[in-house]
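Shown next, in structure tokens, is the structure this report addresses.
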There are 2 protein chains.
Amino acid sequence: MENRWQALKPDETLSTPLYLQLSRKLADAINAGWWQADEALPSERTFSEELGISRVTARKAMDVLLEQGMIRRRQGSGTFITPRLEQPLSRLTGFTEQLRLRGFVPSSVWLERGVFPPSNEEVIKLGLSPTSMVARLKRQRLADGVVMAIEMSTMPVAYLPDPQSVGTSLYAHLDAAGHSVVRALQHIRAVNASGEIAQLAGIRPGEAMLLITRIGFNADNVAIELTDTYCRNDYYDFVAELKR
Amino acid sequence: MENRWQALKPDETLSTPLYLQLSRKLADAINAGWWQADEALPSERTFSEELGISRVTARKAMDVLLEQGMIRRRQGSGTFITPRLEQPLSRLTGFTEQLRLRGFVPSSVWLERGVFPPSNEEVIKLGLSPTSMVARLKRQRLADGVVMAIEMSTMPVAYLPDPQSVGTSLYAHLDAAGHSVVRALQHIRAVNASGEIAQLAGIRPGEAMLLITRIGFNADNVAIELTDTYCRNDYYDFVAELKR
DNA sequence: CACGTTAATACCACATTAATACCACGTCAA
DNA sequence: TTGACGTGGTATTAATGTGGTATTAACGTG
């Protein structure tokens, strides 16, 4: 435990400001999992004493991480690690909410929005009759204006009669319509980007991407959503905290 | 019975709140079967007197367990242990167990097993002093004789003094040595296979692979394990069930 | 010299902790 | 039936520890 303070200690002799040195080391420490999600960090005063710096300096270092959304402060209580992007194993949240949590501005560019006949795969996975129709949404997912992922969603028209009316958050739209996704099965694989996907994502063909395939179920345990998300590997990093 | 009160007694000198200390010890005691299911615990006043703390503090400790559903209160009557039949949390399982569950026969081929000086990254993530040494394990992971992944684990020698003695399951070995990994932080990314990895994995260079980086912590929240696993995308498919 | 950045000190506002004292409900024996 | 007693429930409080902020001194840079 003592080693940890040693590792965080900024170097007075360097020209980079103490608070910046500390903020970087602290970010590394958090990413390395030194503290659990939702757990309080040591207090600003503790940092100050252990590292031999003033409290305000410690605080300023934490300010940086605060702006990045990595930590969260509660006056009188403490400073807490923001629950990670993911928690893919325990919590179900859409892309929009996840990014907003981190302080990014999420947006989408629609590539396709309409009603089509279903593919064979969709018929099977959604349990459709072949004659029914599906609503399809295809879009670029942006964070602060940068393309992070390409997403393709499919739903039976019954649950999304008017695809054009979906705003940024599909999940919010479904909630409002009374068709909330309550449970989802998510497969994560690695794939090489095809020419089309690569172009849309702004990367070279063949680059490795995360492909997340999700089947969403409503409260009656009926599959109502099928989504493929191609995530740029340079931006996406799924983090899960496991316990036993 | 006197020993029991002693074991439950919180330590005033520690910085963790009395009620939290007590709630943890109490949870352990319940799990250890000190009282039968549906049996009344000692009253809040009894706890207060025996442990030399205020009644409200004892009560607050029990509040924690109440929220976890471990106990149940009946005003005027007493506090009772909830009969348990569940086990909610996401499970932490190693590669070996996962494959066995699916009916495959897991095996490993060792590529490297020894003691080395740590890299910079390892020093930081494991909180080492630069002069200490680490044990390194590198192996091919097979299922039914087919290479599925390349895995590289690093641990401080203190926790794995003799790398040669590890069998197929690292986690089983650690459990036996009393150094169980209790919590882990797992990063999942997509990467293009390098020449070396591709050769070891039996695929073409540049193929997309899942890279799983895991930091394992022991019960004292000290990082004791660092593992990079390169998974063949044609075999590996991460599945998560999400709920909200 | 003027100015912004850096880092310190000192004080303010709020939350949590853990105590005391009193209230309300159940149990059970007279 | 009833009332004494033991159970959990709650309001209040003081102390401590947390983040929030204004101010100031030192330093580097234009």
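Quick note on labels: first sequence line is chain A, next is B, and so on, each numbered from 1.
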Per-nucleotide protein contact string for nucleotides 11-26 of chain D (B base, S sugar-phosphate only, - none; heavy atom under 4.0 Å): ------BBBBB-----

Residue-phosphate contact under 4.0 Å: B:S54 side-chain N/O, C:dA19 OP1/OP2: yes

Nearest-Å distance for atom pair CD/P, residues B:E49 and C:dT20: 12 Å

Derivation of the side-chain contact (heavy atoms from CB on, under 4.5 Å) call for A:L226 and A:M155: CA-CA 6 Å; A:L226 211 63; A:M155 314 186 54; over 6 Å; no

Shortest non-hydrogen separation from B:A29 to B:L8 and the atoms involved: CB-CD2, 4.3 Å

Closest non-hydrogen atom pair, B:L174 against B:Y159: CD2-O, 4.0 Å

Phosphate OP1/OP2 of C:dA18: any B:Y19 side-chain N/O under 4.0 Å: no

Stepwise ring-ring contact (aromatic ring centres under 6.0 Å, His included) check, B:F80 with B:W35: CA-CA 9 Å; B:F80 302 82; B:W35 302 280; over 10 Å; no

d(CG, A:L14; C1', C:dA7) in whole Å: 16 Å

Between protein and nucleic acid, restricted to nucleotides 28-30 of chain C and to nitrogen or oxygen atoms under 3.5 Å apart, what atom pairs and distances do you find?
none

d(CG, B:D11; P, C:dA18) in whole Å: 12 Å

Listed once per pair and sorted, the salt bridge (Lys or Arg N to Asp or Glu O under 4.0 Å) pairs that draw on residues 5-26 of chain B, sequence neighbours left out: none

salt_bridge(A:R73, A:E44) N-O dist < 4.0 Å: yes

side-chain contact (heavy atoms from CB on, under 4.5 Å) evaluation trace for B:W5 with B:T46: CA-CA 10 Å; B:W5 291 120; B:T46 308; 4.0 Å; yes

Spacing of A:F47 atom CZ relative to C:dA8 atom P, expressed in whole Å: 15 Å

Among B:K125, B:R136, B:R214, the one residue meeting salt bridge (charged side-chain N to carboxylate O under 4.0 Å, His left out) with B:E225: B:R214

Side-chain N or O of B:K60 closer than 4.0 Å to phosphate OP1/OP2 of C:dT17: yes

